[in-house]
Amino acid sequence: MAIREMGREAAGILKHSGVTLRWRFGPSAQVSNGRLIVVRLRGECEMDGESAVMQKGALGWSHQVNGAILPFTDLACDNIRGAIQSADLNERHEQANMLLGRAMGRVLAHEVYHIVADTPEHGKDGVAQSALSARELTSGQLELRPSDVEAIQSGLRQSGR
């Protein structure tokens with residue numbers, strides 16, 4: 001449930017940027033057209049009723065070499081679970097997984113922004129800001145700001161995609 005919601009949320013956030021997500025699961029997925037971004041999910045990516053032990057560190061990150069942002073990103077599911085525990089998750093298990101998936105999708109959209117826009121910089125608000133609160137991760141709607149959409153579109157033009 002959480003993984004499906006993650007994909008739905010990230011696709012919704014990115015839809016006006018020119019980025020379309022297509023999912024391939026497993027090792028060495030073959031891409032026929034487009035840009036491949038590898039996403040690795042670390043930790044427990046479902047709400048299982050147990051409290052998450054949040055480690056110090058980011059909710060997600062993209063990899064860099066010599067200042068170049070690579071198309072690899074990791075999501076720290078345990079940290080995301082820990083970050084959203086302050087949100088009201090005393091609801092049904094299904095609802096908790098939907099909120100976790102929403103949070104994961106927002107973190108993923110943030111990392112896709114870095115990769116496609118080819119920038120380590122953060123936006124002032126919205127998905128591209130440097131930190132998201134539990135409320136921003138789980139409630140309402142969170143979007144890319146117009147300047148962030150332009151940065152992604154510029155990255156797409158530069159990569160020829």
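All values below come from the heavy atoms of this structure, side chains included, with hydrogens, waters and symmetry mates left out. The residues of the chain are indexed from 1 along the displayed sequence.
- Note on M104 and I37: same hydrophobic cluster, where clusters join Ile, Leu, Val, Met, Phe, Trp and Tyr whose side-chain heavy atoms are under 4.5 Å apart, directly or indirectly.
- When side chains are defined from C-beta on, I152 counts as touching L144, because their heavy atoms get closer than 4.5 Å.
- Between the H122 side chain and the A128 main chain, no donor and acceptor come within less than 3.5 Å of each other.
- For the pair E150 and P146, the minimum side-chain heavy-atom distance is 4.5 Å or more.
- Checked by atom type and distance alone, the side chain of N79 pairs as donor or acceptor with a backbone atom of A58 at under 3.5 Å.
- In this structure, CG in L100 is found 10.0 Å from CD in Q85, a value given to the nearest 0.5 Å.
- H63 contributes no side-chain N or O that, together with a main-chain N or O of L70, makes up a donor-acceptor pair within less than 3.5 Å.
- Partner of R106 under the side-chain hydrogen bond (donor to acceptor under 3.5 Å, both in side chains) criterion, chosen from E143, E136, E9: E9.
- Taking hydrophobic clusters as Ile, Leu, Val, Met, Phe, Trp and Tyr residues chained together by side-chain heavy-atom distances below 4.5 Å, V107 shares a cluster with W23.
- Within the structure, salt bridge (Lys or Arg N to Asp or Glu O under 4.0 Å) pairs that include any residue of residues 112-126 comprise D125-R145 (at least two apart or interchain).
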- Message: Evaluate L14 against V127 for side chain to side chain contact (heavy atoms under 4.5 Å, CB included), listing each step before the verdict.
- Response: CA-CA 10 Å; L14 294 164; V127 169; over 6 Å; no
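- No side-chain heavy atom of P71 sits under 4.5 Å from any side-chain heavy atom of L36.
- By the side-chain hydrogen bond (donor to acceptor under 3.5 Å, both in side chains) test, S62 pairs with E111, sequence neighbours left out.
- Note: M47 CE to N97 CG = 7.0 Å, rounded to the nearest 0.5 Å.
- Follow the hydrophobic side-chain contacts under 4.5 Å out from L156 and you reach I13 in the same cluster.
- The distance from atom CE of M6 to atom CD1 of I80, rounded to the nearest 0.5 Å, is 9.0 Å.
- Applying the ring pair (Phe, Tyr, Trp, His ring centres under 6.0 Å) definition to pairs two or more places apart or across chains, none involves residues 126-159.
- With R42 contributing its side chain and A76 its backbone, the two residues share no donor-acceptor pair below 3.5 Å.
- The closest side-chain heavy-atom distance from T73 to V38 is not below 4.5 Å.
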